[in-house]
Structure formats: structure tokens, C-alpha cells
Amino acid sequence: MDTLKNLHIHHIGYLVKNIDKAEAEFVALGYTIINEKCRDDYRKVDIVFLEKEGYCVELISPYAEDSVVSGLMKRFKNSPYHICYETDDYDKCFELLRAQGYVPFDENTPAPAISGRRVQFFTHPKLGMIEILNG
Ligand code: NI
């Protein structure tokens, strides 16, 4: 990977207060569940993946007050809040992101809802939050 332009979109992350009710609404809109509800103990959130027409949406809901997204939840309510990009060269990607002004938001940790692959969030002053999924 020579440029960030080579990153591929993996999913859109969507914060929800009640994951079961939100899932039912997405299903009513024609989405298919591709990954049943999974608990992520690192981030204290429940996660469901749905898909429609090639677009993958991740529903994220905090199950504890000290979840990593509890603060975001207060700010955004039910709302999309990140786009996740996939890389097959995490070290190079990290270097390119840093050079472009992205700052790591958390640790590079496993994502139980995505087969334990490692993910890390970054923030950029002009763009907000992105997630990088290590292929
Ligand atoms: Ni995500």
C-alpha cells in the first residue's frame, strides 16, 4: 500500500441505543443480518453486522456506563459515526495516516465481532473518526 487511496471501505459504524430494536428497523428496510449480536468485552459494546446491496452496516450499542462509546452516545444518539477501512499492511497504513494528520484514538485491539481481527480508531481534526481494520 503506497497511498491511503488504496484503502477499501469495510463497513459504516452506526451507534444505537437499543440494538435489538434498531436491528429490527434495519431488517424492515431490507438489510440482512450477516453477523448475529456479539459482545465486545474490550469496548463494552454489543455489535451486529447487517448488509444491503453490498453496503455493510455495523450496529454498536454500549452495555455499560464506562463503554468506549458511552460519551459518543450522549453526543450522537442514534447515528452513523465512523467509516471503517481495511488494510493489508497495517504498519504502512499507520505511517501514512500519521503523516496525513490522523491521531490514534485508542489501542490496536482485537475485534471479537470481526473474527478477532485487529482494529484501531483514529481521529482527524478535519474529518472526525475513522476505523482501520487490519487484514
Ligand atoms: Ni466499526
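Counting convention: from 1, in listed order, for ligands and their atoms alike. We count residues from 1, following the sequence as given. Every heavy atom of this structure was used, including side-chain atoms; hydrogens, water molecules and symmetry mates were not.
Residues Glu131 and His11 have side chains that bring a donor and an acceptor to within less than 3.5 angstrom of each other. There is no side-chain donor-acceptor pair under 3.5 Å between Tyr85 and Asn6.
Legend: residues meeting side chain to side chain donor-acceptor pair (under 3.5 Å) with Asp91, ordered by chain and number and at least two apart, are absent. Scored by the side chain to side chain donor-acceptor pair (under 3.5 Å) test, Asn18 finds no partners at all (sequence neighbours excluded).
With Tyr90 as the aromatic partner, Arg118 does not meet the cation-pi criteria of under 6.0 angstrom to the ring centre and within 45 degrees of the ring axis.
Near-neighbour remark for the Ni ion (ligand 1): protein N, O or S atoms under 2.8 Å are His11 NE2, Glu58 OE1, His82 NE2, Glu131 OE1; waters not counted.
A salt bridge (Lys or Arg N to Asp or Glu O under 4.0 Å) check over residues 64-89, counting only residues at least two apart or in different chains, returns the pairs Lys44-Asp66, Glu86-Arg117.
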